[in-house]
Every structure is written in C-alpha cells, then in structure tokens.
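A short write-up of the structure that comes next.
Keep in mind that the numbers below use all heavy atoms, side chains included, and drop hydrogens, waters and symmetry copies.
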Amino acid sequence: MNDTVKEEHHVTSISEDHETTCWGCGLRLLLPSYTPIFKCGWCGAITNQNPLKHNNKYLRWRHIRDRCFIAILLIFMLFVICGGVWAVYPVIFSVSYFRGILHCTITMLLSISTISSFSLAASRPAGPPPSIPWGSYPVVEKGGLENYSFCSYCSKPKSPRTHHCRSCGTCVLDMDHHCPFIGNCVGAANHQPFICFLFAAVVSTMYISIMSISAGCQLWPSLDHETVRRITSGSSHSPFIIMREFMFAFLSSAVLLSARGLVLAYLLVASISVGIGLIILLWQQLSYIYQGKTCLSHISSRADEPVGETGCQNIFRFFGYQYSFSRYFPRFSRTKKIHKK
C-alpha cells in the first residue's frame, strides 16, 4: 500500500514539474521531459524558457551615437557638394558655358538623388513585423503561429524572418544589418532606399573623382624646368630614380597650389577612398539580394541547409519589378525542323 502511494505521488510530481503554458495560444502543455525550448503542437509557436537577457541601459547612448554619425555624414556630403561647386565650376565655365550648364545639371541630379535616398533610408522605419493575433486558444488557429518565437523585449510575437535589434530596441522584419551611418536598421521597409543611396553615392564619387582630375590638371602649378630637364635627360638612370625625382617635383609644386587646388586634391583623395568602400558594400548587398538572402541570414545559415532560389529575378523582384526583361526578347525555338521529303 505504501509503495502504491509513493508511485502515485511520484507520477503526480513529474506532471506538475513539466506542465507549462504556450505563449501563443495559451494552452497548457505537458512535456515528457525537461526541455528549455519546445514547439506547440497546436499553433506551432516556439517557446524558449531560458531566453538570454541583454542589458539595454546603453540604448540611449546608441541613439546619440547614431545621430552623431548622421550629422557627420550630412556635413561631409554638404562640404563635398559645396566645395566641389566652388572649386570645379569656375574652371568648367571658363572652358565652355554649355559645358558648365551640363555639369551643373548633373551635379544637381546626383546631389538630390543621394541626399533624398539617404534621408529615406535614415528616417523610414526599417520594417515592423506583421501584427498577428496571439495569446488565447479561440483566436489562434491551428498552425497560425508556425515557427513564431516570443520577443521578451518587445513583448510580442516574432516571425522567423524577424530579428530584434539591440541598437534600435525594436524588432525588424527581414533585417539585413544595423547601419550606424544612417542611424537605422536596414530592413524590409528601407532596404530599397539604402541600395539606391549606395548606387547614387558610388556614381557621385566617381563623378567627383573625374571632375577633380579634370579641373586639377588646369590648376596644378607647372613643374620646375630644371627638374623636368634632369628627369628627361637622365635616360641612364633606373626607373625607380626617375619616378622618385618626378614625385619629388610633383610634391614640390603642390606647395604653390591655390585654395581651390587644395580643395580639389582633398576631394580626389576622399572620393576615391570612400568610393572604394561603397563599391565593396554595394557589391556585397547585390550579391546577397541575388542569392535571396540578407546579411544576417547569410551569417546564420549553415552549410547543410538547402539553397533557395538564386538568380536575377531576385534583383528585379527586390526593386518592385515582377518580371524579367527576358520576357520582352523573342524566344527562339529549339525544336528540330521537319524536312519535307
């Protein structure tokens, strides 16, 4: 009799210790064994009983840091635009009035496209997750929260394509990464303006480099005649010595540069260095879009996971075009011709 009571007491304690409630549908679940992460058999919600807790006391300072980056980047873009107009266009207009009007139009279009796309990417919300009913059994249908998890910071469901950004303090749908230079996450709602900003910035830096070289060739002081004669006459010298002499003469003439020449030299160096970084970032972003991924999904993906659809149709779909341009080209039939006897 005592053994039977002990066995019943033992079975009751096991069921009480492992009975829990699903956050998605509110049904009480009885787990066969202790598991920190489990999935509800009705709604499909995933529950983590031991979520990692992060400290959010530095969230305010992260917002201040991001705003400072935005201000610095805007000041840099305005300096490049205003400094380039001040340094380049007197030289361009002195060559041809039509050429000056043409380059002014190109500068205005590039400036508007760069600043507007930057403002959209920085001010637009990155992409809040879709709202879905949860919390009670009559409301949540079977499989209505399939593979959803619960965000303990936002206190709401988080879809499989949603990540919580600790810098922004919110959940972002299709989060690619958090960019401090725009002070915002790159997600489903502002990923397209971010790519447009990168493309406009790359074209702008290339244009600034070309115009700086074109105007700098006319403003750069001429080399010393004695140095030029020594370089040209020194045919017996090694190429290294000739290059050293030429660089020394080139840098010596830089001392005589005017204020416009110094601004052009800075714009050339800055546009080339910034342009290289932007080209690498744009290529990386386009490669992820081509593969149908984001930066976070690429980092978290494993080698044994199946590869999704890959192709140019992902890029067309990303920019809102549902069909490939190949549908407008004539299709040549590969069927064999039937020859009449």
In the structure I gave you, are the side-chain heavy atoms of [X] and [Y] within less than 4.5 Å of one another anywhere?
{"X": "Phe93", "Y": "Cys104", "result": "yes"}
{"X": "Lys39", "Y": "Glu146", "result": "yes"}
{"X": "Leu198", "Y": "Gln285", "result": "yes"}
{"X": "Leu120", "Y": "Ser116", "result": "no"}
{"X": "Pro129", "Y": "Lys156", "result": "yes"}
{"X": "Gln192", "Y": "Arg124", "result": "no"}
{"X": "Leu173", "Y": "Ser159", "result": "yes"}
{"X": "Ile92", "Y": "Met211", "result": "yes"}

Taking atom CZ of Phe38 as the centre, report whether more than 12 heavy atoms of other residues, nucleotides or ligands fall under 6.0 Å from it.
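Enclosed: over 12 neighbouring heavy atoms sit under 6.0 Å from CZ of Phe38.
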Check whether more than 12 heavy atoms from other residues, nucleotides or ligands sit under 6.0 Å from atom CE of Met77, and answer yes or no.
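Enclosed: over 12 neighbouring heavy atoms sit under 6.0 Å from CE of Met77.
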Report the distance from atom [atom1] of [X] to atom [atom2] of [Y], rounding to the nearest 0.5 Å.
{"X": "Ser271", "Y": "Tyr207", "atom1": "OG", "atom2": "OH", "answer": "12.5 Å"}
{"X": "Trp134", "Y": "Cys22", "atom1": "CH2", "atom2": "SG", "answer": "10.5 Å"}
{"X": "Ser111", "Y": "Leu78", "atom1": "OG", "atom2": "CG", "answer": "9.0 Å"}
{"X": "Thr21", "Y": "Leu27", "atom1": "OG1", "atom2": "CG", "answer": "9.0 Å"}
{"X": "Ser96", "Y": "His103", "atom1": "OG", "atom2": "NE2", "answer": "9.0 Å"}
{"X": "Gln284", "Y": "Cys295", "atom1": "CD", "atom2": "SG", "answer": "5.5 Å"}

Short question: side chain of [X], backbone of [Y] - any donor-acceptor pair under 3.5 Å?
{"X": "Asn48", "Y": "Ile37", "answer": "no"}
{"X": "Asp66", "Y": "Asn184", "answer": "no"}
{"X": "Arg62", "Y": "Arg166", "answer": "yes"}

Between Phe194 and Cys179, is a side chain to side chain contact (heavy atoms under 4.5 Å, CB included) present by the stated rule, with each step listed?
CA-CA 10 Å; Phe194 181 73; Cys179 182; 4.1 Å; yes
Which atoms form the tightest heavy-atom contact between [X] and [Y], and what is the distance?
{"X": "His178", "Y": "Cys165", "result": "ND1-SG, 3.6 Å"}
{"X": "Gly169", "Y": "His164", "result": "C-CE1, 3.7 Å"}
{"X": "Cys185", "Y": "Asn190", "result": "O-ND2, 2.7 Å"}
{"X": "Ile272", "Y": "Ser209", "result": "CG1-OG, 3.7 Å"}
{"X": "Pro133", "Y": "Val139", "result": "CB-CG1, 3.2 Å"}
{"X": "Leu145", "Y": "Gly24", "result": "CD1-CA, 3.4 Å"}

Applying ring-ring contact (aromatic ring centres under 6.0 Å, His included), can you list everything that pairs with [X], at least two apart in sequence or on another chain?
{"X": "Tyr148", "value": "none"}
{"X": "Phe319", "value": "none"}
{"X": "Phe69", "value": "Phe181"}

Would Thr114 and Ile81 count as a side chain to side chain contact (heavy atoms under 4.5 Å, CB included) here? Give the steps.
CA-CA 11 Å; Thr114 304; Ile81 295 171; over 6 Å; no
Tell me whether [Y] is reachable from [X] by hopping between hydrophobic residues (I, L, V, M, F, W, Y) whose side-chain heavy atoms are closer than 4.5 Å.
{"X": "Ile276", "Y": "Val274", "result": "no"}
{"X": "Ile210", "Y": "Leu267", "result": "no"}
{"X": "Leu282", "Y": "Ile208", "result": "yes"}
{"X": "Ile101", "Y": "Val88", "result": "yes"}
{"X": "Leu74", "Y": "Val80", "result": "yes"}

Who are the salt bridge (charged side-chain N to carboxylate O under 4.0 Å, His left out) partners of Arg260, not counting sequence neighbours?
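Salt bridge (charged side-chain N to carboxylate O under 4.0 Å, His left out) list for Arg260, sorted by chain: empty.
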Parallel under 30°, tilted from 30 to 60°, perpendicular over 60°: which one fits the rings of [X] and [Y]?
{"X": "Trp23", "Y": "Phe150", "value": "tilted"}
{"X": "Phe118", "Y": "Phe197", "value": "tilted"}
{"X": "Phe76", "Y": "Tyr266", "value": "perpendicular"}

Would you sort out whether Arg317 and Asn314 count as a side chain to side chain contact (heavy atoms under 4.5 Å, CB included), showing the intermediate values?
CA-CA 5 Å; Arg317 195 179 301 113; Asn314 292 331; 3.0 Å; yes
Within residues 267-296 or reaching into it, pairs that qualify as ring pair (Phe, Tyr, Trp, His ring centres under 6.0 Å) - sequence neighbours excluded
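For residues 267-296, and leaving out neighbouring residues, the ring pair (Phe, Tyr, Trp, His ring centres under 6.0 Å) pairs sorted by first residue read Tyr288-His298.
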Under the salt bridge (charged side-chain N to carboxylate O under 4.0 Å, His left out) rule, what pairs show up with a residue in residues 197-209, not counting sequence neighbours?
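Checked against salt bridge (charged side-chain N to carboxylate O under 4.0 Å, His left out) - neighbours excluded - no pair reaches residues 197-209.
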